[in-house]
2 protein chains.
Amino acid sequence: MTVWDRPEPPIRPVPLDRERIVAAAIALADEGGLGAVSLRKVAARLNAGPMRLYGYISTKEELFDLMVDEAQAEILPDEQPGDWREALRVLAHRTRRTALRHEWLADLLGGRPTLGPNGLAVTEATLAALDGLADVDTVMRAVETVSAYFTGAIRREIANLRAERATGLSKRDWQRASGPHVTRMLATGRFPALAKAVYDGTDVDAETSFATGLDWVLDAVAAKLKSGDAGSAVD
Amino acid sequence: MTVWDRPEPPIRPVPLDRERIVAAAIALADEGGLGAVSLRKVAARLNAGPMRLYGYISTKEELFDLMVDEAQAEILPDEQPGDWREALRVLAHRTRRTALRHEWLADLLGGRPTLGPNGLAVTEATLAALDGLADVDTVMRAVETVSAYFTGAIRREIANLRAERATGLSKRDWQRASGPHVTRMLATGRFPALAKAVYDGTDVDAETSFATGLDWVLDAVAAKLKSGDAGSAVD
DNA sequence: CTCATGCCAATACACTGTATTTCTTCATTA
DNA sequence: TAATGAAGAAATACAGTGTATTGGCATGAG
C-alpha cells in the first residue's frame, strides 16, 4: 500500500446534514442492530470525525429520536382509506411491517414520545381516522388503546423472532422439546395451563396472531364508538 | 481518614449468590435507571471485584433477565380471584404498579421472552384465569392480546412520565402552550385532528386511561369467549 | 497583509463489558 | 510436615463507548 495507491484526502471536509447522518445510522442499525450504532461508526461512514456530529445533534438519544422519526415516514400510507376500521388496520400493519424491516425500531417504539414531524403525522392520521365518529375523549381513548396494543404486540413478536434466531429453533420446537429449561419447568407440573397451551395449542404464524388480536381490539373500539358519539350531535 | 478509622478489609471474600447480585442491581436501577447498572457498580456494592460476577452470570443481559424475573415476583397476586375478568384485571394492574415502582422494568418489558420461574408463573396465572372458558387457541389469543395491550400501555405511560419529569411540565401544559416545538407544529394547521384532541380533550389521569383501555380489551375478550368455547364441550 | 472568527480535527477523560493473567489460599498427598 | 495441585478471586488489560476540551487552520473583514 504505497502513497500512490491511497487516494488524496479530501481538501474540504465532506458536507454533512441530518439527513445523511440519520441515513448512516439507520444503515448501521439495519445491519447490526441498535448496538452497532456508535457515533464514531456513524461519523466514519460519512468520512467525518465523531465530533462533527455534535453540530447536528447534541446527544446520542437525539440521534435515536431522528431515526425513529425517519422510520415513521415509512408507516404513513399513500392515501387513507375512508373506513375508519380499515384505516386503523392499515396503520397498524404498516407499523408492523416497518418494524420488521427495521428491527431496531422495536427497541425504541414506545420508549419515548414521538414528537418529530412524521411521528406527529402518524398520530394525526390515527386520530383523523376516528375524527367525528365520537366525542374527542372517546376518540383519544380509542387511539391510545389501539396503539398500545400494536406496539406491545410488535415488540413481543420481534423479541420472539430474535430468540428463535439465537437458538436456531422455532418457538414451537423450542418450547416443546428442545428447550431443556422450559421442558424441565413444564415437567414439574407447576404450570398446567401453560403446559396445555404449549402442547395442545396449534401454532399460528405471527402475522395472523397480530391481525386477530388487532381485530378484537377494533371490535371493542367499534362498540364504544356507537355508544360514545354524543359529541357529534352537539357540533 | 486515618488507618484507624478504616475497617480492616475482610479476610475472606464476602459470600455471593445470584440473589444478592440481583438485589444490588435492582437497587441501582431503582435509584438511577437502567443506565446506572454497570457490572462494576453492582460488584462494588457487594464489596467484590467485577469479575466475580461472571461466576454467577455470563453476560450483562443475563443479569437483566434475572432482574426482570425478580420484579415479576411482585406481580403475582396472593390469591387469584375466581372471576376471569377480575383476575386479568388484577394481573394487569399489578404489572403496572410494579413498573411504576421499578421504572426500568418498562425498558425491559416485552424486550425478551420471560422464561424465569416467576415469568412463567405470571404466564401460568394469566392462562389459568381463562382455562376452560374457551378452546386452547382462543385462550392463547386472548392472553396475547391482553398482555400486548398492557405492556404497550405501561411503556407509553412511563415514557410520558419521564418526559414530564425531564421538562418539568405536565403533559398537558407542555402540549398546549409551553412546549414551543409542539405548539409551533400544531399552529401550522397540518395536524387538525391532533390539535383538536390537544385543545378540546379533557385530560384523564394515567391510571384511568389505563383502566379504560383495559376494560375495552377485556370486553373484546369476553365477546370472543362466548363464541369460541367449542373446546369445552368436547373434553 | 493582518487579524478575528468559526469550524473541524485531534486529543483527552472517565467509563463500559469482558478476556486473560497473576496471585492467594486451601485440600490433598507424599 | 512439606510439597503439590486445584480452585477461585483479584488485578490487569483491551478495545470500545459518549462527550468535553483543546489546538490549528482556512476563510472572511478591515
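Each of Asp69(A), Asp65(A), Asp107(A) was evaluated against Arg112(A); a single residue qualifies, Asp65(A), per the salt bridge (charged side-chain N to carboxylate O under 4.0 Å, His left out) test. Applying side-chain contact (heavy atoms from CB on, under 4.5 Å) to Thr95(B) and the options Thr151(B), Leu109(B), Thr126(B), Val122(B) leaves one that passes, Leu109(B).
Partners of Ala211(A) by side chain to side chain contact (heavy atoms under 4.5 Å, CB included), not counting sequence neighbours, listed by chain and number: His93(A).
In this entry the distance linking CG of Leu53(A) with C1' of dC7(C) reads 14 Å, nearest Å. The distance from atom CG of Leu34(B) to atom C1' of dC15(C) is 17 Å, rounded to the nearest whole Å. One can place OH of Tyr56(B) at 18 Å from P of dT18(C), the figure rounded to the nearest angstrom. The distance from atom CG of Leu28(B) to atom P of dT16(C) is 10 Å, rounded to the nearest whole Å.
Phe210(A) and Ala153(A) make their closest contact through CD1-CB, 3.8 Å (heavy atoms, listed as atom of the first residue, atom of the second, distance).
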Give me, pair by pair, the N or O atoms of the protein and of nucleotides 18-24 of chain D that are less than 3.5 Å apart, along with how far apart they are.
unit_1: dG18(D); atom_1: OP1; unit_2: Leu39(A); atom_2: N; d: 3.3
unit_1: dG18(D); atom_1: OP1; unit_2: Lys60(A); atom_2: NZ; d: 2.9
unit_1: dG18(D); atom_1: OP2; unit_2: Leu39(A); atom_2: N; d: 3.0
unit_1: dG18(D); atom_1: N7; unit_2: Arg40(A); atom_2: NH1; d: 2.5
unit_1: dG18(D); atom_1: O6; unit_2: Arg40(A); atom_2: NH2; d: 3.1
unit_1: dT19(D); atom_1: OP1; unit_2: Thr59(A); atom_2: OG1; d: 3.0
unit_1: dT19(D); atom_1: OP2; unit_2: Tyr54(A); atom_2: OH; d: 2.8
unit_1: dT19(D); atom_1: OP2; unit_2: Lys60(A); atom_2: N; d: 3.1
unit_1: dT19(D); atom_1: O5'; unit_2: Tyr54(A); atom_2: OH; d: 3.0
unit_1: dT19(D); atom_1: O4; unit_2: Arg40(A); atom_2: NH2; d: 3.4

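Between Glu74(A) and Arg97(A), no side-chain nitrogen of the basic residue sits less than 4.0 Å from a carboxylate oxygen of the acidic one, so the salt-bridge criterion is not met.
Figure legend: Arg96(B) and Phe150(B) shown without cation-pi pairing, the cationic atom not lying both under 6.0 angstrom from the six-membered ring centre and within 45 degrees of its axis.
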